[in-house]
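Whatever order the structure lists ligands and atoms in, that order sets their numbers, starting from 1.
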Amino acid sequence: MSNPKKRILITGGAGFLGSHLCDRLVAQGHDVLCVDNYFTGRRDNVAGLLGQKNFEALRHDITWPLYVEVDEIYNLACPASPVHYQFDPVQTTKTSVIGAINVLGLAKRVKAKVFQASTSEVYGDPTVHPQTEDYRGNVNPIGPRACYDEGKRCAETLFFDYWRQHKTRIKVVRIFNTYGPRMHPQDGRVVSNFIVQALKGEDITVYGDGSQTRAFCYVDDLVEGFIRMMATGDDVTGPVNLGNPMEIPVRELAERVIRLVGAKSKLVFRPLPVDDPLQRCPDITMAKDLLKWEPTVALEDGLVKTIGYFEGLLRERGEI
Ligand code: NAD
Ligand code: UDP
């Protein structure tokens, strides 16, 4: 193993992204502590790791302080899908803001490096396209997405204040739409919704006219970006965009999913949610320069793997 063994805390470790990160870091031989309150995460996501000597799972809500000795912290705890983060918006803001204070306090005390899973939502409904890290965003502070967007913006503020004030070693990445196995089948995100609907032969719910765009990154690519970011020198703080710059209208995504599943589903059009960004696509020049990182998995290949995952899950549950 090239890396020395580290003690690594992953908050939100039983979620979609967190569980893939746990897999990678456990496989590298690190001691991994997964902390999660299981709001949107599932124990099944990390069940395969529970027998491993270098993996531990703890039920804990990060709005409460945690005292553990670790070398690195990945802060991923926060519901990520609009349906879930709007379910209890006050708790979403608390998780982002108080959670950030708690992980930063811990990082300061034990002198750990701390990584923040921020989001493209800090750019709101962007007026600059594609989004570069110096774009300051167009966020509605009082809309239904604000609990998430403003919570994540405030978390970034806290990270940079701890860095300026306490010299805490921070790593902030802004994640753009990511998909793959272990997404929650009911989380309402577009990729999981479309695949589950197609597999069940149901209508595909396109919000608005489907001309709004997103750019989708496969989970393995993203996790590679996380690990490279954490490995950078102390002078690298971010924020760094991580995502796949292959932009596609939502309607076209629906058509691709139908084709790949071989489904007979029809498109049905539903109202566009409030403050739904019209376009989103990362400029990843900085990630390419700093991390020598760029996505490698093509959308079709990633979708085929994700469809395979949901097919297995739905069959197991007797839903198809
Ligand atoms: P997810 O909902 O699958 O994972 C979030 C995890 O955090 C879940 O396991 C959940 O139970 C846990 N959690 C929530 N509140 C908590 C709390 N108070 N204390 C402890 N655990 C808590 O979502 P994900 O897609 O894996 O996202 C992980 C992180 O990445 C989030 O911070 C999210 O904002 C960020 N992100 C994800 C995407 C994406 O496309 N997946 C895009 C941008 C940002
Ligand atoms: N969307 C859709 N149908 C769905 C779910 C989502 O058309 O069943 C749209 C949604 O309005 C948005 C895009 O797909 O324009 C991505 O939505 P998602 O919730 O995955 O993430 P967002 O990028 O909005 O945070």
Side-chain angles (χ1 to χ4, degrees), residues 10-22 34-43 45-46 58-64 66 74-86 88 91-96 98-100 102-103 115-122 125 145 148-149 151-152 155 173-180 182-184 187-197 202-217 219 222-223 226 241-243 248-251 253-254 257 267-280 282:
I10 304 176
T11 76
F16 160 49
L17 299 180
S19 62
H20 286 275
L21 182 63
C22 286
C34 161
V35 163
D36 207 296
N37 70 351
Y38 302 109
F39 172 48
T40 52
R42 286 168 296 161
R43 265 176 297 184
N45 287 343
V46 290
L58 174 70
R59 181 190 289 267
H60 175 81
D61 185 317
I62 62 148
T63 59
W64 298 93
L66 178 68
Y74 287 87
N75 186 37
L76 272 61
C78 186
S81 88
V83 170
H84 284 145
Y85 69 64
Q86 290 172 23
D88 185 349
Q91 175 67 13
T92 299
T93 305
K94 280 188 185 172
T95 295
S96 281
I98 302 174
N102 286 332
V103 296
F115 171 105
Q116 169 66 357
S118 190
T119 170
S120 53
E121 286 280 321
V122 300
D125 190 1
R145 296 175 88 105
Y148 184 73
D149 301 9
K152 289 284 189 178
V173 299
R174 292 181 178 155
I175 304 164
F176 285 66
N177 297 63
T178 301
Y179 70 100
R182 300 191 194 145
M183 290 183 88
H184 196 295
D187 78 359
R189 281 189 268 194
V190 68
V191 174
S192 43
N193 262 14
F194 286 0
I195 292 178
V196 170
Q197 289 164 343
E202 295 171 353
D203 290 341
I204 307 287
T205 53
V206 174
Y207 300 158
D209 62 4
S211 62
Q212 72 273 30
T213 66
R214 294 292 186 271
F216 297 97
C217 184
V219 60
L222 188 82
V223 167
F226 284 8
N241 288 339
L242 290 181
I248 172 176
V250 163
R251 186 191 173 121
L253 176 75
V257 168
L267 304 190
V268 291
F269 295 89
R270 299 277 177 259
L272 195 65
V274 178
D275 291 337
D276 197 283
L278 283 179
Q279 52 181 8
R280 183 187 290 150

Nearest 0.5 Å, what's the [atom1]-[atom2] distance between [X] and [Y]?
{"X": "Leu17", "Y": "Ile10", "atom1": "CG", "atom2": "CD1", "answer": "11.0 Å"}
{"X": "Phe226", "Y": "Tyr74", "atom1": "CZ", "atom2": "OH", "answer": "8.5 Å"}
{"X": "Gln91", "Y": "Cys78", "atom1": "CD", "atom2": "SG", "answer": "9.5 Å"}
{"X": "His84", "Y": "Arg189", "atom1": "NE2", "atom2": "CZ", "answer": "9.0 Å"}
{"X": "Gln197", "Y": "Thr205", "atom1": "CD", "atom2": "OG1", "answer": "3.5 Å"}
{"X": "Arg174", "Y": "Ser118", "atom1": "CZ", "atom2": "OG", "answer": "6.0 Å"}

Is it true that Ser81 lies under 4.0 Å from ligand 2, counting heavy atoms only? no

Contact between ligand 2 and Arg280 is defined here as a heavy atom of the residue under 4.0 Å from a ligand atom; is it met? yes

Atom indices of ligand 1, in the order listed, that fall short of 4.0 Å to a heavy atom of [X]:
{"X": "Tyr38", "value": "11 (O)"}
{"X": "Gln91", "value": "18 (N)"}
{"X": "Gly41", "value": "8 (C), 9 (O), 10 (C), 11 (O)"}
{"X": "Asn177", "value": "40 (O)"}
{"X": "Ala14", "value": "9 (O)"}
{"X": "Gly15", "value": "3 (O), 4 (O), 8 (C), 9 (O)"}
{"X": "Ile175", "value": "30 (O), 35 (C), 36 (N), 38 (C), 42 (C), 43 (C), 44 (C)"}
{"X": "Tyr148", "value": "33 (C), 34 (O), 36 (N), 43 (C), 44 (C)"}

If only atom types and distance count, is the side chain of [X] paired as donor or acceptor with the main-chain N or O of [Y] below 3.5 Å?
{"X": "Arg214", "Y": "Pro277", "result": "yes"}
{"X": "Thr92", "Y": "Asp88", "result": "yes"}
{"X": "Thr63", "Y": "Ile98", "result": "no"}
{"X": "Asp275", "Y": "Asp125", "result": "no"}
{"X": "Ser96", "Y": "Lys94", "result": "no"}

Compute the minimum heavy-atom distance from Ser118 to ligand 1 and say whether it is under 4.0 Å. yes

If the contact criterion is a heavy-atom separation under 4.0 Å, does Met183 count as touching ligand 1? no

Should the proximity of [X] to ligand 2, defined as any heavy atom under 4.0 Å, be assigned to the side chain, the backbone, both, or neither?
{"X": "Pro273", "result": "side chain"}
{"X": "Gln212", "result": "side chain"}
{"X": "Val191", "result": "neither"}
{"X": "Arg145", "result": "side chain"}

Proximal atoms of ligand 2 relative to [X] (non-hydrogen, under 4.0 Å):
{"X": "Thr205", "value": "2 (C), 3 (N), 4 (C), 7 (O), 8 (O)"}
{"X": "Arg189", "value": "19 (O), 20 (O)"}
{"X": "Val206", "value": "7 (O)"}

From the candidates [options], the one that places a heavy atom nearest [atom]:
{"atom": "atom 20 (O) of ligand 2", "options": "Leu253, Asn193, Asp276, Val190", "answer": "Val190"}
{"atom": "atom 23 (O) of ligand 2", "options": "Arg251, Glu121, Arg270, Arg214", "answer": "Arg214"}
{"atom": "atom 6 (C) of ligand 1", "options": "Gly99, Gly12, Ala155", "answer": "Gly12"}
{"atom": "atom 22 (C) of ligand 1", "options": "Val46, Asp187, Asn37", "answer": "Asn37"}
{"atom": "atom 13 (C) of ligand 2", "options": "Asp209, Thr119, Asp187, Val250", "answer": "Val250"}
{"atom": "atom 32 (O) of ligand 1", "options": "Lys152, Arg214, Arg174", "answer": "Lys152"}

Taking the side chain as every heavy atom from C-beta outward, state whether [X] and [Y] have any atom pair closer than 4.5 Å.
{"X": "Asn45", "Y": "Phe16", "result": "no"}
{"X": "Leu253", "Y": "Phe216", "result": "yes"}
{"X": "Tyr148", "Y": "Pro82", "result": "no"}

Is it the case that ligand 1 has an N or O less than 3.5 angstrom from some N or O of Leu17? yes

Which residue owns the protein heavy atom closest to atom 8 (C) of ligand 1, what's the atom, and how far is it? Thr40 OG1, 3.2 Å

Counting non-hydrogen protein atoms only, what is the nearest one to atom 21 (O) of ligand 2? Give residue, atom name and distance. Asn177 ND2, 3.5 Å

Exactly one of Asn102, Asn75, Thr95, Asn37 clears side-chain hydrogen bond (donor to acceptor under 3.5 Å, both in side chains) with Thr11, and that residue is Asn75

Distance under 6.0 Å and angle within 45° of the ring axis: does Arg43 meet both against Tyr38? yes

Does a side-chain N-to-carboxylate-O contact under 4.0 Å join Arg42 and Asp36? no

Part of [X] with heavy atoms under 4.0 Å of ligand 1, whether side chain, backbone, both or neither:
{"X": "Ser81", "result": "neither"}
{"X": "Glu121", "result": "neither"}
{"X": "His60", "result": "backbone"}
{"X": "Asp36", "result": "both"}
{"X": "His84", "result": "neither"}

Yes or no on side chain to side chain contact (heavy atoms under 4.5 Å, CB included) for Arg280 and Glu121, after CA distance, side-chain angles and deciding distance? CA-CA 9 Å; Arg280 183 187 290 150; Glu121 286 280 321; 2.3 Å; yes

Going by distance only, is there an N or O of Tyr207 that falls short of 3.5 Å from an N or O of ligand 2? yes

